[in-house]
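First comes the structure, then the notes that go with it.
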Amino acid sequence: MRIWAVANQKGGVGKTTSVVTLGGLLAERGKRVLVVDLDPHGSLTSWFGYDPDTLPHSVFDLFQHQGKVPEGLPAQLITDTSSPGLALLPASTALATLERRMVGVEGMGLIISRALTQLWDDFDYVLLDNTPSLGVLMVNALAAAQHLIIPVQTEFLAIKGLERMLHTLQMIMRSQKNPLSYTIVPTMFDRRTQASIKSLNQLRKTYQDNLWKFAVPVDTKFRDASQAGIIPSQLDAQTHGVRAYRHLLDDVLARTGAMKERQHG
Ligand SMILES: Nc1ncnc2c1ncn2[C@@H]1O[C@H](COP(=O)(O)OP(=O)(O)OP(=O)(O)O)[C@@H](O)[C@H]1O
Ligand SMILES: [Mg+2]
C-alpha cells in the first residue's frame with residue numbers, strides 16, 4: 001500500500017480536485033484506490049454525492065475507536081464512488097469537534113496511520129485529502145503518508161501560503177526519523193495572465209528539487225466533474241487538465257518508486 005497526502009494550509013488551491021483526479025486515474029489503471037476525506041467541510045465526500053451533515057459513519061469513527069478499525073467497519077464505513085476501483089472513506093461534520101476533544105490525548109496523531117495498517121491488504125493506493133489548517137487531522141495525514149503532494153495556485157498569495165506549509169512540515173518532521181518527501185504542484189495555471197507566469201517562474205527559481213516541472217492548467221472541466229459527481233477523466237479523458245494530472249501521476253510514481261528502491265537497496 002502506498003499512502004500519499006495532499007495538503008496545503010492555504011484553501012482553494014486544488015487539493016480535493018487533485019485527490020479525485022489522481023485517485024481516479026490510478027483506479028482506471030486497475031489499482032485498488034481509497035480516497036480519505038480528512039476535511040470537516042467534506043468537499044471530497046460531497047463530490048461523490050454523500051452528505052457530510054447526515055452520514056451515520058465516517059472517518060470520525062476511527063478517532064472514537066483510537067484508530068482500531070471496529071468490526072465490520074470496512075463494509076459500513078468505506079463506500080463506493082461513481083468509479084469502479086475507487087472507494088471513499090467519507091468525512092462528517094462531526095470532525096470539526098475533534099480539535100477540542102483530542103487536545104492532550106496521547107497517540108491522537110497516529111489514528112489514521114493505525115487504521116490504514118489494518119487495511120493494508122485491501123488497497124494499493126490511499127490518498128488523503130486535507131483541511132486547509134494545521135491541526136490534529138493534518139498531523140495524522142502527515143504521519144501516515146509516505147509522500148506529500150502540495151498543490152499551489154500560481155498566484156502571489158498562494159506562494160506565501162506555500163512557505164507557511166513548508167515551515168509546518170519542517171516542524172512536524174523534526175520528530176520523525178525519515179523526512180517526508182514532497183512534490184509541489186503548480187495549479188490553475190493560466191498562461192494568458194502575467195500573474196500566473198510570474199508566479200510559476202518564482203516557484204521555479206525558489207524550489208527546484210521538489211517542484212513538479214509542469215503545471216496543471218485552468219480547466220473548467222474540473223468544476224463540471226465535481227458537479228456531476230464523477231472523476232474528471234470520466235467526464236473528458238483528453239481535456240488538458242486531466243492530461244496534466246496523468247503526466248503528474250507518472251512523475252510522482254517514478255519518483256516515489258525510485259525512493260522505495262533506494263530504501264530497500
Ligand atoms: N485546474 C483547475 N482549473 C480550474 N478550476 C479548478 C482547478 N482545480 C480546482 N479548480 C476549482 O477551484 C475550486 C477549489 O478547488 P478544490 O476544492 O480542489 O481546492 P481545495 O484546495 O481542496 O479547497 P479547500 O481548501 O477549500 O479544501 C473548485 O471549485 C474547483 O473546481
Ligand atoms: Mg478541499
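Each ligand, and each atom within it, is numbered from 1 in the order the structure gives.
Taking each heavy atom of Leu128 and Ala144 in turn, the nearest pair found is CD1-CB, 4.2 Å.
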Verdict with reasoning, Tyr207 to Tyr182, per ring pair (Phe, Tyr, Trp, His ring centres under 6.0 Å): CA-CA 11 Å; Tyr207 305 100; Tyr182 62 92; 8.2 Å; no
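Nearby protein atoms of type N, O or S around the Mg ion (ligand 2) amount to 1 (distance under 2.8 Å).
Atom CZ of Arg29 has more than 12 neighbouring heavy atoms from other residues, nucleotides or ligands inside a 6.0 Å radius. Counted within 6.0 Å of NE2 on His167, heavy atoms from surrounding residues, nucleotides or ligands total 12 or fewer; the atom is thus considered open. Heavy-atom contacts from other residues, nucleotides or ligands closer than 6.0 Å to CZ of Arg204 number more than 12.
Enumerated by chain and number, the residues approaching ligand 1 to less than 4.0 Å through a heavy atom are Gly11, Gly12, Val13, Gly14, Lys15, Thr16, Thr17, Asp39, Pro132, Met188, Val216, Pro217, Val218, Asp219, Phe222, Arg223.
Comment: Asp190 engages Arg192 in a salt bridge, judged by a side-chain N to carboxylate O separation of less than 4.0 angstrom. Taking a cutoff of 4.0 Å between a charged side-chain nitrogen and a carboxylate oxygen, Lys221 and Asp236 qualify as a salt bridge. Salt bridge Asp251/Arg246: absent, no basic N to carboxylate O contact under 4.0 Å.
Counted by atom type alone, His147 and Thr256 present zero donor-acceptor pairs between their side chains at under 3.5 Å.
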